There are 2 protein chains.
Amino acid sequence: MKLAEVLKALNHPIRRDIVARLKDGPATAGDLAEAYQVSKPTMSTHFSALKGADLIRGERDGVTITYHLNATVAEEAMSALMDLLGHNDAAASKSSAASNSRKPEPSP
Amino acid sequence: MKLAEVLKALNHPIRRDIVARLKDGPATAGDLAEAYQVSKPTMSTHFSALKGADLIRGERDGVTITYHLNATVAEEAMSALMDLLGHNDAAASKSSAASNSRKPEPSP
DNA sequence: CCCTTAGTTAGGGATAGATCTAATTAGAGT
DNA sequence: ACTCTAATTAGATCTATCCCTAACTAAGGG
């Protein structure tokens, strides 16, 4: 899981809303597309961004594609964000927590 | 706390690293600026982005400014992200959790 | 007062992101 | 094969973000 990709993916209101919807269960690309006032190609790039972060996965069934949230990556993202934002009260960061040895990331 | 602002602020490696550093304790603007290969004005805009999200706060002491993480907003952001990304196993979302009644945010 | 140190503002150029229309692939029916 | 619907790719444009240099404000010394 790449935190940068996840944060980039979540950095758009439509994409956040897609994630929130998929949390309640899977949905087809078409159904999701109807919920927002943007063109279908635009929705396609939003799906790509979320797929790029591996936050969602799509399964083709005939002509329609059903997207569902990738719970594993969502969990990993939460852990990474906990690690980043502190949350240092009892029983906080889980297995992947001992990672932040304070070396600056390279700037893009 | 505005999730959009927080996510925008965290959507840059330098700003994430600043947050991670401040998690270990406060630091002056100058000390932080030395850690990255960017100009001081650039660092200033990064600080502004983090202040805009209220993730950090600066206190002027004479000529230097000491930044520290805003733990309250960090906590609120964690809650909001838990809410967004699921995390629906026992004892998950805290007080502010019952908020997501699935209405799409307006696109920008 | 002038100078030095710390940080911010202003303005500009480069890159990345969002969105559209038009054209294209993918799959199923008829 | 033709066609209809679902979704993606291509290309263009527009806006936002990043980063720089140069000029500015803020606060203390000599």
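Given the structure is predicted, the values throughout are model-derived calculations rather than measurements. Note on naming: letters A, B, ... go to the chains in the order of the sequence lines (proteins, then strands), and numbering restarts at 1 for each one. Quick note: numbers below take in every heavy atom, side chains included, and nothing from hydrogens, waters or symmetry partners.
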Q: Looking only at side-chain atoms of Lys40(A), point me to the closest of dA6(C), dC19(D), dA6(D).
A: dA6(D)
Q: I'd like to know if the side chain of Thr42(A) and the backbone of Val38(A) have a donor-acceptor N/O pair within less than 3.5 Å.
A: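 Judged by distance alone, no pair lies under 3.5 Å.
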Q: dC19(D) phosphate, OP1 or OP2: any side-chain N/O from His46(B) under 4.0 angstrom?
A: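 Indeed, a polar side-chain atom of His46(B) lies that close.
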Q: Rounded to the nearest angstrom, tell me the gap between atom OH in Tyr36(B) and atom P in dC20(D).
A: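 For the pair Tyr36(B) OH and dC20(D) P, the rounded distance is 14 Å.
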Q: Ignoring backbone atoms, establish whether Lys8(B) has a side-chain N or O less than 4.0 Å from OP1 or OP2 of dG17(C).
A: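 It does not, given that no N or O in the side chain of Lys8(B) lies less than 4.0 Å from OP1 or OP2 of dG17(C).
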Q: Please pick, from dT21(C), dC19(D), dT19(C), the nucleotide with the shortest atom-to-atom distance to any side-chain atom of Pro41(A).
A: dT21(C)
Q: Would you mind reading off the distance between Met43(A) atom CE and dT19(C) atom C1', rounded to a whole angstrom?
A: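 In whole Å, dT19(C) C1' lies 13 Å from Met43(A) CE.
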Q: Using modelled atom types and a 3.5 Å cut-off, is there a donor and acceptor pairing between side-chain atoms of Arg60(A) and backbone atoms of Gly62(A)?
A: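 Between the backbone of Gly62(A) and the side chain of Arg60(A) there is a qualifying donor-acceptor contact (under 3.5 Å).
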Q: Go nucleotide by nucleotide along DNA chain C from the 5' end; which of Ala29(B) and Thr45(A) gets its closest nucleotide reached first?
A: Ala29(B)
Q: If you only use heavy atoms from C-beta on, which nucleotide in dC20(D), dT9(D), dT9(C) is closest to the side chain of Ser44(A)?
A: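 Out of dC20(D), dT9(D), dT9(C), the nucleotide with an atom closest to Ser44(A)'s side chain is dT9(D).
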Q: Does any N or O in the side chain of Arg15(A) come within less than 3.5 Å of the main-chain N or O of Lys8(A), such that one atom is a donor and the other an acceptor?
A: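 Such a contact is found between Arg15(A) side chain and Lys8(A) backbone.
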Q: Of all the choices, dG7(C), dT21(D), dA26(C), which nucleotide is nearest to the side chain of Ser39(B) once you look at every atom?
A: dT21(D)
Q: In terms of side-chain heavy atoms of Phe47(B), which of dT19(C), dT8(C), dT8(D) is nearest?
A: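 Of dT19(C), dT8(C), dT8(D), dT8(C) is nearest to the side chain of Phe47(B).
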Q: I want to verify a distance call: between dA26(D), dA6(D), dC19(D), whose nearest atom is closest to the Val63(A) side chain?
A: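 For Val63(A), the side-chain atoms sit closest to dA6(D).
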Q: Please report the distance, rounded to the nearest Å, between CG in Leu7(B) and P in dA16(D).
A: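 Atom-to-atom, Leu7(B) to dA16(D), this comes out as 18 Å.
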Q: To the nearest Å, how far apart are Ile65(A) CD1 and dA28(C) C1'?
A: 15 Å
Q: Could you work out which one of dT8(C), dC20(D), dT19(C) sits closest to the side chain of Thr42(A)?
A: dT19(C)
Q: Check the distance between dA16(C)'s P and Glu5(A)'s CD and give it to me in whole angstrom.
A: 13 Å
Q: Could you give the distance from CG (Asn70(B)) to CD1 (Ile56(B)), rounded to the nearest 0.5 Å?
A: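 Asn70(B) atom CG to Ile56(B) atom CD1 measures 10.0 Å (nearest 0.5 Å).
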Q: Would Thr64(A) and Asp61(A) count as having a side-chain donor-acceptor pair, cut-off 3.5 Å?
A: no
Q: Grab the CG-P distance between Asp31(B) and dT5(C) for me, whole Å please.
A: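 Checked: the CG to P distance equals 16 Å.
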Q: Compare the minimum distances between each of dA6(D), dC20(D), dG17(C) and the side chain of Thr64(A), then state the nucleotide with the smallest one.
A: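 Of dA6(D), dC20(D), dG17(C), dA6(D) is nearest to the side chain of Thr64(A).
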Q: Using whole Å, what does the distance between atom C1' of nucleotide dA6(D) and atom OH of Tyr67(A) come to?
A: 11 Å
Q: Does His12(B) make a side-chain N or O approach to OP1 or OP2 of dC19(D) shorter than 4.0 Å?
A: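 True: His12(B) side-chain N/O within range (under 4.0 Å) of dC19(D) OP1/OP2.
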Q: Please report, rounded to the nearest Å, how far the P atom of dT5(D) is from the CG atom of Asp61(A).
A: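 For the pair Asp61(A) CG and dT5(D) P, the rounded distance is 19 Å.
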Q: Check whether any side-chain N or O of Arg60(A) sits under 4.0 Å from OP1 or OP2 of dA7(D), and answer yes or no.
A: no
Q: Using atom types as modelled and distance alone, determine if a side-chain donor or acceptor of Lys23(B) lies under 3.5 Å from a backbone N or O of Asp83(A).
A: yes
